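Throughout, protein chains are lettered first and strands after them, A, B, ... in sequence-line order, and every chain is numbered starting at 1. Please read these numbers as outputs of a predicted model, since none were measured by experiment.
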Amino acid sequence: MSFWFLVVSRWQSILESTWEHILIVAVAVCVAVVLGVGLGVMITYWRSLAGPVLYFCQVVMTIPSLAMLGLLLPVFGIGYKTGVATLILYSLLPIVRNTYAGIEGIEPAIIEAAKGMGMREITILRRIKLPLAWPVILAGIRTAVVMIVGIAAIASYIGAGGLGEFIFRGISQWNLQLVLVGAVCVSILAVLADGLLKRVEGRTRR
Amino acid sequence: MIKLEGVTKIFPRQKVPAVKNLSMEVAEGEICVLVGPSGCGKTTTMKMINRLIEPTEGKIYVNGRDVAEVDPIKLRQNIGYVIQEIGLFPHMTIAENIATVPREKGWPEDKIQERVDVLLELVGLDPEVYRNRKPADLSGGQRQRVGVARALAADPPILLMDEPFGAVDPITRAHLQNEFLSLQKKMKKTIMFVTHDIDEAIKMGDKIAVMRAGELVQYDTPDRILSAPADDFVVALVGHNRALKRLNLVKAGDVARKDVPVAKGTCSLEEAKKLLQADNLPVIVIVDGLNRPRGVAYKEELLRRNGQAHLQEIMTPLESVADEDATLYDALSTMLNYGERYVVVMNHNKEFQGIITFGYLLELMKENGS
Amino acid sequence: MFVTCGGAAAVYFVENPGSAMAARVLTYNHLAVLTAQHVGMVVISSLLAATTALPLGILISRPRLRLLGTILENIVNIGQTIPSIAVIALSFTVLGLGFNTALFALWLYSLLPILRNTYAGIMSVPPGVREAAVGMGMRPWRILFKVELPLAFPIIMAGIRTAVVVNVGTATLATFIGAGGFGHLIVTGIMVRRLQLLLSGCILSALLAMLCDHLLGMVEEKVKASI
Ligand SMILES: Nc1ncnc2c1ncn2[C@@H]1O[C@H](COP(=O)(O)OP(=O)(O)OP(=O)(O)O)[C@@H](O)[C@H]1O
Ligand SMILES: [Mg+2]
């Protein structure tokens, strides 16, 4: 009962926090896509780097996100900067890995044909490799987004804003309804983002 | 047009060369067929010409220029390349696939569209139907046609074709071969064509280069390959029925006897008998007013009959016929199929061109064999 | 190696607390308690998750329960997109503060990847293989243990590995609902701005995650070699 009361009475601040949450995730993903796709493409050309880069990303993934937030805190300070940096780091692995796998997975005959017809490497990348790898890259972006929606909620603890604030404030004030609002909203956001990106993915695969 | 001089390729970390000291020359407007067992270096040879692979040793000249000194992008844009695995771009439509090189060369869009339609027509695919399809929606044979069309797109003077008709059934393959040959009559391109099917090599090639384990065993005309194989390997490759295969090299229209008598349907039997006696033919061909064969009358039947009847009363409809472009091999198959001792040869306008009889065929083979 | 590093780090931080405030938290005793809490949470919840998710996954992969399987698969897929912090928070609203709440949340959250991979692994066994086994007169139990599970093992193991590594990370969040663990060090470090506290928590939890990943990798190799 009081849960709905809370939602109705605080809807404005809920919307604000949701927007904040979306914004921080979006900014991080945009940067991560640029960096991740770039890095992923790069390691298809410098093969010897592929192993180390992918291993590094793998290691980052095993580090608990709260620990990562703590580690970056001294560098970027309290606030959204540390949050965004952490989110970028975590979204890098799926994007780099899938970009690499997507490009490596292209049938060699297709690349050979493109080369044989006298296409420049940059054109091959733009018109053949990236479009063909795109569904796989998109799947990586989806994994990344779902993951960092959750991590962004944890980042609220170090003052990055977003829906996590309801959770942490709720716990410290023993306000169960507030915790519920935060948890439910974050979950809905993650599920929605997943569904949306799945849709986009389905469309590109056709 | 294409010249290889002592070309050798040793792949990294391999002891035996994939191509060994290869020297050959392909003249302008000719089809040179590379033939040999799997892994003998045919594809490698081809890829060195458009610099997808750099030779370890030796020089390659295209149009008199050392390819090592030409910008590979420019070089490749002027050499059509049909790769062994077809390699169509699955995310692009058929039209976009074919338009690849013209786009790279910066042709105007309307000219590209026009060219795409012309090429689709050329390879026997209706542009209206296929233009906007994706490669996945095509059959294997249709994909190979698109592969060929894509290579022809910017009208390159040179074509490299790596088993372009590999992945189709024998009937479609024969069809594609015939279409391509008649196309080549008009295009007069310099073509290097890879196959491991000796029959295809004999049919398509002006010259055949037989390769084994990276080495050139024999480089000769198909006729010479069949009549004077350089060694046991070539003999084995060509197979035991060499004489029969040589029939593939001769066009029916070129050797058909043209000086034989023909008769109208209204001709009397007596007259027909006289005509037949002059030549030792098993049948007399009956033609209409436009010199188009309508049927035949058998010699035995004719000799048995007496009286005033006309020839058309003992006429049997025409079955054993061949086109002037058909090979003697085809002509022989037709004879055997219908159990006849003759085949009537017609030109493209369905006019009488001549006749080939079984006895005559045997004589031809004897002459050729010596 | 991970254990040595962890030990060395612990000793280093305890010996060099850097400040009096940090020194009060960074004692051997306290570290031992936190380690026990963290490892305890992870091990107990993971074991519980595996013992519930494996049989459940096998159960819903039976042909008779195919429909239930597909339904549950979809639910699990949605469940997996829900962030770990939300699961912890939701458990808190139901069960309140404490170690048991954390245990419940961690159990629930690691249930999903194991369940999903068990189901997916068994479903990925080619029907032809199963038919061949049936054709040779093998009993259903034998087919399960001799054919389906060995073939599905790599996928199941991958699920367990993911679950445990994620679990170590999620367990750092348990400190918010009063269950302790390395998260306590991090959170205290952030609150009182003591780098030593922060770093010790980060390094220890990260090392624990890598250690688990490594150990499970070794188990995987061993079992793979034995089947
Ligand atoms: N990139 C490569 N690296 C190493 N070895 C190679 C490479 N490409 C080809 N080879 C080797 O070189 C030899 C010749 O290969 P090539 O592809 O030219 O054969 P091919 O005559 O085209 O055979 P097929 O009829 O099967 O297509 C083979 O033994 C092959 O294994
Ligand atoms: Mg080849």
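- The two residues C/C202 and A/A67 have their closest heavy-atom pair at SG-O, 3.0 Å.
- Between C/T81 and A/A190 the shortest heavy-atom distance is O-CB, 3.2 Å.
- Taking a 6.0 Å sphere around CZ of A/F56, one finds it holds 12 or fewer heavy atoms contributed by other residues, nucleotides or ligands.
- The shortest distance between side-chain heavy atoms of A/F168 and C/I85 falls below 4.5 Å.
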- Stepwise side-chain contact (heavy atoms from CB on, under 4.5 Å) check, A/L66 with C/F182: CA-CA 10 Å; A/L66 186 64; C/F182 295 137; over 6 Å; no

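- Of the two parts of A/L71, the backbone and the side chain both hold a non-hydrogen atom closer than 4.5 Å to a non-hydrogen atom of chain C.
- Between chain A and the options C/L185, C/I190, C/I78, C/V166, the largest number of non-hydrogen pairs under 4.5 Å is found for C/I190.
- The neighbour count for A/Y80 OH, taken as heavy atoms of other residues, nucleotides or ligands under 6.0 Å away, does not exceed 12.
- Here A/I171 is the residue among A/I171, A/L163, A/V146, A/I63 with the most heavy-atom pairs under 4.5 Å with chain C.
- Only the side chain of A/L73 comes within contact range of chain C, judged by heavy atoms closer than 4.5 Å.
- Contact tally against chain A (heavy-atom pairs below 4.5 Å) for C/L199, C/V187, C/D213: the top residue is C/V187.
- Partner A/T62 forms a side chain to side chain contact (heavy atoms under 4.5 Å, CB included) with one of C/L207, C/V165, C/L208, C/L211 and no other, that one being C/V165.
- Expressed to the nearest 0.5 Å, how far CG of A/D194 lies from CD of C/Q80 amounts to 10.0 Å.
- Looking at A/L180, the atoms closer than 4.5 Å to chain C (heavy atoms on both sides) sit in the backbone and in the side chain alike.
- Minimum interatomic distance between C/P83 and A/S187 (heavy atoms only, all atoms of both residues): CD-CA, 3.9 Å.
- Residue with the most contacts toward chain C among A/I78, A/L176, A/V186: A/L176 (heavy-atom pairs, distance under 4.5 Å).
- Under the 4.5 Å side-chain criterion, counting only non-hydrogen atoms from C-beta, C/F176 is not in contact with A/I167.
- With a 4.5 Å cut-off on non-hydrogen atoms, A/I188 does not touch chain C at all.
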